[in-house]
Amino acid sequence: MKTFSRRGFLTASAAMLAASRFPTRAHAQQAPALGLSAASRTLDINGRAATVFGLAGPEGQGLTLDPGQPFRVDLTNELEVPTIVHWHGQIPPNVQDGVPDMPQPLLTPGETRSFDFAPLPGTHWMHSHVPMQEMQLLAAPLIVRRPEDVAADRQEAVLFLHDFSFKAPEEVMEEILRGHGGKHGNGDADAMLGMDHSGMDHGAGAMGDMSDNMGSMDMSAMDLNDYDWDAYLANDRTLSDPEIVQVEKGGRVRLRIINGASATVFWIDTGAVEGRLVAVDGHEVQPVAGSRFGVAMGQRLDIEIDLPNEGGAWPVLARREGARERTGIVLATSGAAVKKISSLAETEAPAFDIDLGQEARLRAIDTLPAREADRTHMVMLGGSMQPYVWTIDGATWGGHRPIQATSGQRVELMFHNMSMMGHPMHLHGHAFQVVGINNRRFAGARRDTVYVPPMSMVTVALDAGETANWMLHCHHMPHLESGMMTEFRVTA
């Protein structure tokens, strides 16, 4: 994955800023489209060759755009199967959103399609909107830099996470449907609601009666990790051969972390160096200090780290929730000794954000303008492991009832999860703000993907945008493949 040195930023900044002061129509017309190819590639995963998909740009997997650079991309399908790519976190015209037949069809093998829109800055990504293909790693970073990123005295590094199986996605889904995919609990929601949690200290994350019920939930009662993958990847590598990112003594690093996994929530552990969470899903937040931050599927974290003045090596690990598996990268100064890191931690990582404590701490810097909601929708999230069916408002895709809104309306969506598995809910074509957790209102983070843990409710607010049908779905790929998707239908 591409990294940027602090000195490289400073060297480029003067020329970049000078060019941005003098835009000309001729210059814009001459700017060529970037080539992006959906193609097969081969990875070495723990000494075994694996054929996967990928999105190859001019400088490797993914794209990085400079400040003011338009998203002008020619996407070519070099695969032997039809595909389409969604620009996750961006708000293109609906026709360019990248959902099969909504409205554009899949790209046939050998076909090239052009995309052209003004991108949103921040840490984003792109992936096939065919769930089986994302499970084959048809996904990559999409970084759009701000002028401040160019001028800042810091280095940048991307940490792109994925889970991987040597088996075909169809075989993976078959195992999941049979209930033999991985570790899960008993899914007994009624029993959980009746648990006695009196006398517990839930801390700042406890937001009302529902989170009180969740504060000390036994992980064995929850449905975590419904598939045990063969490997967990950070920048296409495992901890048997991790990427070593060369850094400077006393330098500052901004980690752009993207959870592109199909079905794995990770805890990001910065170890001996404390970090500051400064952005989620490409939107800046008031900094939150810490050394452990969770990230669900589809979400992104920007974490800044100030390194010691002494040389050394500092692993940044991604730990699978509810399990011992982990992956990651290593930040290291020149000549530093890098110790081998086991892919298994000594203990299991906890379940992610059961009481929504992390989400409750986040405060947006760029908040939505204050305004009363014109329309409110309760969005019920349900399902079970056996039978393996996951629903929105009691229905799967095809039998769904679209959520209606009028363009320009302030809309609040209240995601109410009555299942025993967490759901990262992603809305296309909009950025929303988290405004409520269970019974508490607050001005939370701006996002496009919000994680709703079991037996919890998260409320988000947004202003309905372009008149079109926009996808709203769980970003757990087996859930999406099973039909956990609906439409956010915006009319004039």
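Just so you know, these numbers come straight off a predicted model, no measurement behind them.
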Distance-only polar pair, side chains of [X] and [Y], donor-acceptor under 3.5 Å:
X      : Y      : result
His283 : Arg447 : no
Glu466 : Asn94  : no
Thr459 : Glu412 : no
His473 : His479 : no
Thr112 : Asp74  : no
Asn259 : Gln299 : no
Ser37  : Glu78  : yes
His400 : Thr391 : no
Asp226 : Tyr388 : yes
His124 : Asp448 : no
Arg300 : Thr123 : no

Considering only heavy atoms from C-beta outward, does the side chain of [X] approach that of [Y] to under 4.5 Å?
X      : Y      : answer
Leu356 : Pro453 : yes
Trp314 : Val330 : no
Met425 : His475 : no
Phe415 : Ile392 : no
Glu487 : Met102 : yes
Ile84  : Val99  : no
Thr64  : Val144 : no
Trp390 : Thr396 : no

Test side-chain contact (heavy atoms from CB on, under 4.5 Å) applied to Ser342 - qualifying residues, sequence neighbours left out: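 Arg326, Leu344.
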
Derivation of the side chain to side chain donor-acceptor pair (under 3.5 Å) call for Gln358 and Asp353: CA-CA 6 Å; Gln358 174 174 294; Asp353 219 17; 5.1 Å; no

Option from Arg254, Arg146, Arg256 for which salt bridge (Lys or Arg N to Asp or Glu O under 4.0 Å) with Glu156 holds: Arg256

Residue Glu80 excluded, over 12 heavy atoms near CD under 6.0 Å: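 No.
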
Chi angles and distances behind the side chain to side chain donor-acceptor pair (under 3.5 Å) call for Ser240, Asn46: CA-CA 6 Å; Ser240 66; Asn46 294 332; 2.9 Å; yes

Verdict with supporting geometry, Arg319 and Glu321, salt bridge (Lys or Arg N to Asp or Glu O under 4.0 Å): CA-CA 6 Å; Arg319 298 187 60 187; Glu321 75 160 342; over 6 Å; no

Audit row: Lys167, Glu175, salt bridge (Lys or Arg N to Asp or Glu O under 4.0 Å) steps and yes/no: CA-CA 10 Å; Lys167 297 177 181 177; Glu175 291 186 13; 2.5 Å; yes

Passing option when His428 is tested against His88, His129, Gln90 for side chain to side chain donor-acceptor pair (under 3.5 Å): His129

Whether Trp125 and His127 hold their rings parallel, tilted or perpendicular, with breakpoints at 30° and 60°: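 It falls in the tilted class, 30° to 60°.
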
